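Right, one structure below, let's go through it.
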Protein chains: 2
Amino acid sequence: MTSAPDNQSVAAVAWREAALAALRERGHRTGGARTAVIERLAAGGGCVEAEELARDLRQAGDQVATASVYRALTLLGEIGLLHRIALPSAPARFELVLPDGAHHHHLVCANCGSTDAFSDEALEQAIQKISARTAFEVRSHDITLHGRCAACRAAAQ
Amino acid sequence: MTSAPDNQSVAAVAWREAALAALRERGHRTGGARTAVIERLAAGGGCVEAEELARDLRQAGDQVATASVYRALTLLGEIGLLHRIALPSAPARFELVLPDGAHHHHLVCANCGSTDAFSDEALEQAIQKISARTAFEVRSHDITLHGRCAACRAAAQ
DNA sequence: GTTCCTGCAAAGGTTTTGCACCATA
DNA sequence: TATGGTGCAAAACCTTTGCAGGAAC
């Protein structure tokens, strides 16, 4: 279990480059809402809701429709640059899929609803072994742990 | 990795008992839509969508509103007898949380959308270790592997 | 100039809520 | 009889789609 290091922003910059390159390669145009979404995702480090991202862009002066944000997020997801996380009774969140393969999973507190991130090597290895041993070709995975966060445990003593 | 054994129905019966007992204990009444939902879940082995379950009940002659099904499913989820699984662009599915703790996770094919189940001891152990080592108290977990199923791999050669 | 992208508005589908009525205890 | 549960209908919510105008190539 490791916490995100300082080179996160480096990875985000690399992600931004990769995303723009992928769009160019596919013949997509630049300069519109889609590019704004990419910039914002890279700047914010991912892990946002669509509506939240749209609001941020509008507050920054860009006139972006929520629909365009969804379109951009869907496209990036299809290319494999973004990961969509669906939690019960919450809008979907979108996270960067970083070029170095680094990723994390989520701890969701059933009491206060807060979410936290973690990563764990043993977990990753277990999944790799499953992938190697079955007919299913594993490309990505979501893991969410539900329970009680440290704060709520402390509050309940 | 093991497949579900024949004692699944035994576990479902135990689940039904546990669910009815939990409701009784909490002072809930029996005999209405809620009980019908429990019976149907136990009979069907879980893993259904709310609307699907409501339809089944209505076809069986019970006049149950979809809203009541949602209410029942939500309550059972709060008690910890049901697990809600949210996949992107699909209605949520509800699965039994069996008394013996047996559970499985999901393989979702990005190509054809089919879902399959698996369970893996190494994965469970990795999660237990995380639980033991952090301030977060893990009570349950979701794992979803995304990729390509055997059929789609074969079709693409 | 052509094509793609976008904003806006409306629709779509799932889930929740309000309310009056009914059934259980 | 009092309370909680239910059905029905409407609302709320997130997300997608249609379409006409505008921007990028």
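Only this structure's heavy atoms are used, side chains among them; waters, hydrogens and symmetry mates stay out. Order of the sequence lines fixes the chain letters, A, B, ..., with proteins taken first and strands second; residue numbering starts at 1 for each chain. Being a predicted model, the structure only gives us computed values, none of them experimental.
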Along DNA chain D, first and last positions that approach a heavy atom of chain A under 4.0 Å: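 The contact span of chain A on DNA chain D goes from D/dC14 to D/dC25.
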Which residues pass the ring-ring contact (aromatic ring centres under 6.0 Å, His included) test with B/H104, not counting sequence neighbours?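 Expected list: B/H106.
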Check against side-chain contact (heavy atoms from CB on, under 4.5 Å), A/R71 and A/L75: CA-CA 6 Å; A/R71 282 189 272 238; A/L75 176 61; over 6 Å; no
Hey, is B/R58 close enough to B/E51 for a salt bridge, meaning N to O under 4.0 Å?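 Looking at B/E51 together with B/R58, the answer is yes, because their closest N to O distance falls below 4.0 Å.
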Give a yes or no on whether a salt bridge exists between A/E95 and A/R93, defined as a side-chain N under 4.0 angstrom from a carboxylate O.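 No, A/E95 and A/R93 are not salt-bridged.
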In this structure, how many angstroms lie between the P atom of C/dC5 and the CZ atom of A/R26, rounded?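 Rounded to whole Å, this separation is 11 Å.
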Nearest-Å distance for atom pair CD/P, residues B/E52 and C/dT14: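 Going from CD in B/E52 over to P in C/dT14 covers 11 Å.
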Under the side-chain hydrogen bond (donor to acceptor under 3.5 Å, both in side chains) test, which residues partner A/D142, sequence neighbours left out?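 With neighbours one apart ignored, the set is A/H83, B/H146.
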Supply the members, apart from B/V108, of the Ile/Leu/Val/Met/Phe/Trp/Tyr cluster built from side-chain contacts under 4.5 Å; use none for a lone residue.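 Direct or chained contacts put B/V108 with B/I85, B/L87.
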Its contact letters, B for base, S for sugar-phosphate only and - for none at protein heavy atoms under 4.0 Å, make nucleotides 15-25 of chain C read SBBB----BBS
The criterion is side chain to side chain contact (heavy atoms under 4.5 Å, CB included); which residues satisfy it with B/A86, sequence neighbours excluded?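 Side chain to side chain contact (heavy atoms under 4.5 Å, CB included) list for B/A86, sorted by chain: A/A86.
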Is there a donor-acceptor contact under 3.5 Å linking the side chains of A/E124 and A/H105?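 Side-chain D/A pair, A/E124 to A/H105: present.
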